[in-house]
*Asks:* 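My structure is below; once you've seen it, I'll send some questions.
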Amino acid sequence: MDKLDFVFVSLQRINTDRDSTSTAIAKELAKTHRVLYVNPPIDRRTLWFGSDDPYISDHINLLRSNKAPDNLEKADDNLWVLTPLNIIESINWIPHTGIFRLLNRRNNSIFGGEIQAALNKIGFGKFIFINDKDIFRSFYLKEMLRPRLSVYLDRDYIVGMDYWKRHGTKLEPDLYAKSDLVLCNSPGFTQQALRYNPNSFYIGNGCDITLFDPARHYDVPEDVARLRDRPIVGYIGALLDIRLDISLLVYLAESRPAWNLLLVGPEDEAFANSKLHTLPNVFFLGKIESSLAPAYIRYFDVCINPQIKNSITEENFPLKINEYLAMGKPTVATKTNVMEQVFSSVVSLASSPEEFLHCVESCLGSDTQAATQARIDCARSFSWDKIAQNVVEIVTQHLK
């Protein structure tokens with residue numbers, strides 16, 4: 001196989017404690033190919049008001065430092081990370097999309113100029129450009145950087161969120177259409193992309209099967225060890241009411257007071273002010289390091305993904321499902337299109353609170369070694385090396 005050069009732009013940073021779809025694929029590709037990963041630039045509003053995210057704060061501190069930092073880091077043999085030093089303007093408040101496009105081109109020019117300088121320094125010539133949902137800041141980078149191939153990575157329905165609605169619903173279809181390839185992590189996203197670009201392909205979503213390894217020994221986390229000896233029903237991930245059904249969780253906890261309901265992850269205001277905090281069998285364990293997630297999952301009796309059904313979740317492929325399954329755990333989730341299409345053989349799916357409760361009870365009541373192995377095998381079919389291989393095969397075929 002020929003060695004390729006890849007350039008990633010993304011909404012996600014690579015220097016965090018938890019991988020995303022783009023960071024995981026980039027790291028996997030870098031085992032064989034050369035990769036430049038570009039962290040998101042800082043806009044003026046974020047520079048002024050700061051951020052609760054420690055990684056964004058580190059970026060701001062870098063910008064404010066008096067010394068001239070080297071913002072191009074060689075993170076591994078084949079992996080470079082660029083942290084942009086130029087500030088882009090905060091323009092999403094502009095109501096007229098036509099005016100937004102003009103000012104956005106200027107932002108793209110500033111961002112693209114830093115990327116081009118890094119490419120020149122590294123010695124990348126012909127490269128594959130992968131845009132992971134960076135609809136605004138990278139909209140014009142295909143024209144500005146002139147890559148060998150321009151790939152749009154579609155892995156979340158972000159235009160359903162308020163920040164992206166005004167301009168994203170108009171710009172993203174154009175981004176689909178002008179990209180050479182669209183790679184999607186769910187069947188539903190693939191069908192949507194095909195409306196705009198015939199070169200749209202499903203690649204799946206991955207899992208770090210070296211981290212989530214059921215054969216390893218994991219010590220019981222201290223906050224789990226303190227719980228009384230009764231069933232543990234657990235969720236790991238961001239607790240956001242735009243994605244999760246708070247009323248369903250309240251129903252589960254109130255219907256079965258003998259269960260421990262463990263919620264592991266940072267919570268938004270809706271969760272922080274919810275009735276869940278008043279229930280004695282619900283435990284908020286806060287954000288944890290991603291490396292500790294397998295230990296928590298190991299001691300869950302049943303893993304859950306109680307999504308609320310909306311335009312954001314219906315076609316979304318949740319990474320946590322693969323992580324639950326990789327540990328061999330019985331899993332119950334809200335029935336969405338992607339869950340039914342991809343996971344119906346190994347995950348119990350529910351369309352109502354009553355069904356969800358019944359599914360959890362069934363999982364607690366019986367499990368088999370064959371079912372456990374089927375879950376592990378399913379997760380391994382979505383390992384990051386297989387997802388990266390899908391990317392390379394599609395790219396290579398298109399180049400031919």
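Just so it is clear, the model here is predicted, and its values are computed rather than measured. Start at 1 with the first residue, then count along the sequence.
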*Asks:* Mind checking whether Tyr235 and Pro306 have side chains closer than 4.5 Å, heavy atoms only?
*Replies:*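 A side-chain contact exists here, since the closest heavy-atom pair is under 4.5 Å.
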*Asks:* Quick check against the 3.5 Å criterion: does Asp132 have a side-chain atom that pairs as donor or acceptor with the backbone of Phe8?
*Replies:*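 Answer holds: no.
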*Asks:* Tell me if a side-chain donor or acceptor on Asp301 pairs with a main-chain N or O of Ile232 at a distance below 3.5 Å.
*Replies:*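 Between the backbone of Ile232 and the side chain of Asp301 there is a qualifying donor-acceptor contact (under 3.5 Å).
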*Asks:* Using a 3.5 Å distance criterion without hydrogens, assess whether the side chain of Gln307 forms a donor-acceptor pair with backbone atoms of Arg243.
*Replies:*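 Here the side-chain-to-backbone pair does not exist.
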*Asks:* Taking C-beta and beyond as the side chain, do Ile376 and Leu325 meet within less than 4.5 Å on heavy atoms?
*Replies:*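 SC-SC contact between Ile376 and Leu325 ruled out.
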*Asks:* I need the minimum non-hydrogen distance between Asn108 and Tyr140, along with the two atoms involved.
*Replies:*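 For Asn108 and Tyr140, the tightest heavy-atom pair comes out as OD1-N, 2.6 Å.
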*Asks:* Any luck finding a side-chain donor-acceptor pair between Tyr176 and Gln192 under 3.5 Å?
*Replies:*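 Yes, because at least one side-chain N or O of Tyr176 sits under 3.5 Å from a partner of the opposite role on Gln192.
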*Asks:* Looking at residues at least two apart in the chain, or sitting in another chain, which of them share a side-chain hydrogen bond (donor to acceptor under 3.5 Å, both in side chains) with Asp43?
*Replies:*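 Scan of Asp43 (side-chain hydrogen bond (donor to acceptor under 3.5 Å, both in side chains), adjacent residues dropped) gives Thr46, Ser90.
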*Asks:* Does anything in residues 296-338 form a ring pair (Phe, Tyr, Trp, His ring centres under 6.0 Å)? List the pairs, not counting sequence neighbours.
*Replies:*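 Listed once each, the pairs are Phe317-Phe343, Phe317-Phe382.
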*Asks:* Would the distance check show the side chain of Lys309 and the main-chain N or O of Lys335 forming a donor-acceptor pair, the cut-off being under 3.5 Å?
*Replies:*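 Pair found, side chain donor or acceptor close to backbone of Lys335.
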*Asks:* Is the backbone of Asp156 close enough, under 3.5 Å, to the side chain of Asn316 for a donor and an acceptor to pair up by distance?
*Replies:*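 No: the side chain of Asn316 does not pair with the backbone of Asp156.
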*Asks:* Of all residues at least two apart in sequence or in a different chain, which pass the ring pair (Phe, Tyr, Trp, His ring centres under 6.0 Å) check with Phe139?
*Replies:*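 So Phe139 forms no ring pair (Phe, Tyr, Trp, His ring centres under 6.0 Å) with any residue.
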*Asks:* Just jot down the side-chain contact (heavy atoms from CB on, under 4.5 Å) partners of Thr169, sequence neighbours excluded, or say none.
*Replies:*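 Val159.
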*Asks:* Examine the side chains of Ser179 and Asn197 and answer whether a donor and an acceptor come within less than 3.5 Å of each other.
*Replies:*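 No, Asn197 and Ser179 have no side-chain donor paired with an acceptor closer than 3.5 Å.
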*Asks:* Measure the shortest side-chain to side-chain distance between Ile158 and Ile135 over non-hydrogen atoms and say whether it is less than 4.5 angstrom.
*Replies:*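 Yes - at least one pair of side-chain heavy atoms lies under 4.5 Å apart.
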*Asks:* Compute whether any side-chain donor of one residue and acceptor of the other, for Asp385 and Gln389, lie under 3.5 angstrom apart.
*Replies:*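 No, Gln389 and Asp385 have no side-chain donor paired with an acceptor closer than 3.5 Å.
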*Asks:* With sequence neighbours excluded, what pairs up with Trp384 under the ring pair (Phe, Tyr, Trp, His ring centres under 6.0 Å) test?
*Replies:*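 Ring pair (Phe, Tyr, Trp, His ring centres under 6.0 Å) list for Trp384, sorted by chain: empty.
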*Asks:* Specify the closest pair of heavy atoms between Val338 and Pro187, including all atoms of both residues, with the distance to one decimal.
*Replies:*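 That closest heavy-atom pairing would be CG2-CD, 4.0 Å.
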*Asks:* Check side-chain hydrogen bond (donor to acceptor under 3.5 Å, both in side chains) between Asn390 and all other residues, then give those that pass, not counting sequence neighbours.
*Replies:*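 Applying side-chain hydrogen bond (donor to acceptor under 3.5 Å, both in side chains) to Asn390 gives none.
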*Asks:* Just wondering, do Ile128 and Val151 contact through their side chains at under 4.5 Å, heavy atoms?
*Replies:*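 They are in contact (side-chain heavy atoms under 4.5 Å apart), so the answer is yes.
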*Asks:* Using 30° and 60° as the class limits, which term best fits the ring planes of Phe129 and Phe127: parallel, tilted or perpendicular?
*Replies:*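 Rings of Phe129 and Phe127: perpendicular, as their planes differ by over 60°.
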*Asks:* Is there a path of hydrophobic side-chain contacts, each under 4.5 Å between heavy atoms of I/L/V/M/F/W/Y residues, joining Tyr157 to Ile321?
*Replies:*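 Different clusters: Ile321 never reaches Tyr157 through Ile, Leu, Val, Met, Phe, Trp or Tyr contacts under 4.5 Å.
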*Asks:* Checking the side chain of Ser109 only, and the main-chain atoms of Arg106 only, is there a donor and an acceptor separated by less than 3.5 Å?
*Replies:*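 No: the side chain of Ser109 does not pair with the backbone of Arg106.
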*Asks:* With side-chain hydrogen bond (donor to acceptor under 3.5 Å, both in side chains) as the criterion, how do Thr210 and Asp208 come out once you've worked through the C-alpha distance, each side chain's angles and the decisive distance to 0.1 Å?
*Replies:* CA-CA 5 Å; Thr210 61; Asp208 185 351; 2.4 Å; yes
*Asks:* Not counting sequence neighbours, which residues clear side-chain hydrogen bond (donor to acceptor under 3.5 Å, both in side chains) with Thr336? List them please.
*Replies:*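 Not a single residue meets the side-chain hydrogen bond (donor to acceptor under 3.5 Å, both in side chains) criterion with Thr336.
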*Asks:* Could you report the tightest heavy-atom contact between Cys359 and Ala350, atom names first, then the distance?
*Replies:*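 Smallest interatomic distance, heavy atoms only, reads SG-CB, 4.3 Å.
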*Asks:* Ion pair present between Glu393 and Lys400, side-chain N to carboxylate O less than 4.0 angstrom?
*Replies:*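 Not counted as a salt bridge, because no side-chain N and carboxylate O are separated by less than 4.0 Å.
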*Asks:* Keeping the roles fixed (side chain from Ser186, backbone from Glu315), state whether a donor-acceptor pair exists under 3.5 Å.
*Replies:*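 Confirmed, Ser186 side chain pairs with Glu315 backbone.
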*Asks:* Please name all residues satisfying ring pair (Phe, Tyr, Trp, His ring centres under 6.0 Å) with His277, sequence neighbours left out, ordered by chain then number.
*Replies:*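 Residues passing ring pair (Phe, Tyr, Trp, His ring centres under 6.0 Å) with His277: Phe284.
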*Asks:* We want to know whether His217 and Asp219 form a side-chain donor-acceptor pair, criterion being a heavy-atom distance below 3.5 angstrom.
*Replies:*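 The criterion, which ignores hydrogens and geometry beyond distance, is satisfied for Asp219 and His217.
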*Asks:* For the side chain of Lys133 and the backbone of Arg155, is there at least one donor-acceptor N/O pair under 3.5 Å apart?
*Replies:*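 Between the backbone of Arg155 and the side chain of Lys133 there is no qualifying donor-acceptor contact (under 3.5 Å).
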*Asks:* Taking side-chain contact (heavy atoms from CB on, under 4.5 Å) as the definition, give me every residue that meets it alongside Ile308, ordered by chain and number, with sequence neighbours left out.
*Replies:*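 By the side-chain contact (heavy atoms from CB on, under 4.5 Å) rule, Ile308 matches Asp245, Asn310.
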*Asks:* Check for a donor-acceptor pair, side chain of Thr278 on one end and backbone N or O of Lys275 on the other, with a separation under 3.5 Å.
*Replies:*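 Yes, because the side chain of Thr278 sits within donor-acceptor range (under 3.5 Å) of the backbone of Lys275.
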*Asks:* In the structure I gave you, are the side-chain heavy atoms of Leu249 and Phe271 within less than 4.5 Å of one another anywhere?
*Replies:*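 Answer yes - side chains close enough.
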*Asks:* Below 30° counts as parallel, above 60° as perpendicular, anything between as tilted: where do the rings of Phe100 and His167 land?
*Replies:*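 Aromatic pair Phe100/His167 classed parallel.
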*Asks:* List the atom pairs, donor and acceptor, that lie under 3.5 Å between side-chain atoms in residues 73-84 and the rest of the protein, sequence neighbours left out.
*Replies:*
residue: Lys74; atom: NZ; partner: Asp77; partner atom: O; Å: 3.4
residue: Asn78; atom: ND2; partner: Ala30; partner atom: O; Å: 3.2
residue: Thr83; atom: OG1; partner: Asn39; partner atom: ND2; Å: 3.3

*Asks:* Taking side-chain contact (heavy atoms from CB on, under 4.5 Å) as the test, write out the residues that go with Ile99, two or more places apart.
*Replies:*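 In terms of side-chain contact (heavy atoms from CB on, under 4.5 Å), with neighbours along the sequence ignored, Ile99 is linked to Ile94, His96, Leu103.
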*Asks:* Answer with yes or no whether the side chains of Gln341 and Asn337 bring together a donor and an acceptor at under 3.5 Å.
*Replies:*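 Looking only at side-chain atoms, Gln341 and Asn337 do not form any donor-acceptor pair under 3.5 Å.
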*Asks:* Taking the side chain as everything from C-beta on, heavy atoms only, tell me whether Ile297 gets closer than 4.5 Å to Cys303.
*Replies:*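 SC-SC contact between Ile297 and Cys303 confirmed.
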*Asks:* Below 4.5 Å, heavy atoms only, C-beta onward: do Asn131 and Leu153 meet side chain to side chain?
*Replies:*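 No, every pair of side-chain atoms sits at 4.5 Å or beyond.
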*Asks:* Do Asp154 and Thr190 make a side-chain contact, defined as non-hydrogen atoms from C-beta onward lying under 4.5 Å apart?
*Replies:*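 SC-SC contact between Asp154 and Thr190 ruled out.
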*Asks:* Looking at Tyr218, does the NZ or CZ of Arg298 lie under 6.0 angstrom from its six-membered ring centre and within 45 degrees of the ring axis?
*Replies:*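 The answer is no, since Arg298 fails at least one limit relative to Tyr218.
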*Asks:* Answer yes when Arg45 and Glu89 have at least one side-chain N-carboxylate O distance shorter than 4.0 Å, and no when they do not.
*Replies:*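 Salt bridge between Arg45 and Glu89, a charged N being under 4.0 Å from a carboxylate O: no.
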*Asks:* List in chain and number order the residues that pass side-chain hydrogen bond (donor to acceptor under 3.5 Å, both in side chains) with Lys27, two or more places apart in sequence or in another chain; answer none if no residue qualifies.
*Replies:*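 By the side-chain hydrogen bond (donor to acceptor under 3.5 Å, both in side chains) rule, Lys27 matches Asp19.
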*Asks:* Output yes when a side-chain donor or acceptor of Arg137 lies under 3.5 Å from a complementary backbone atom of Asn104, and no otherwise.
*Replies:*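 Side chain of Arg137 to backbone of Asn104: no pair is present.
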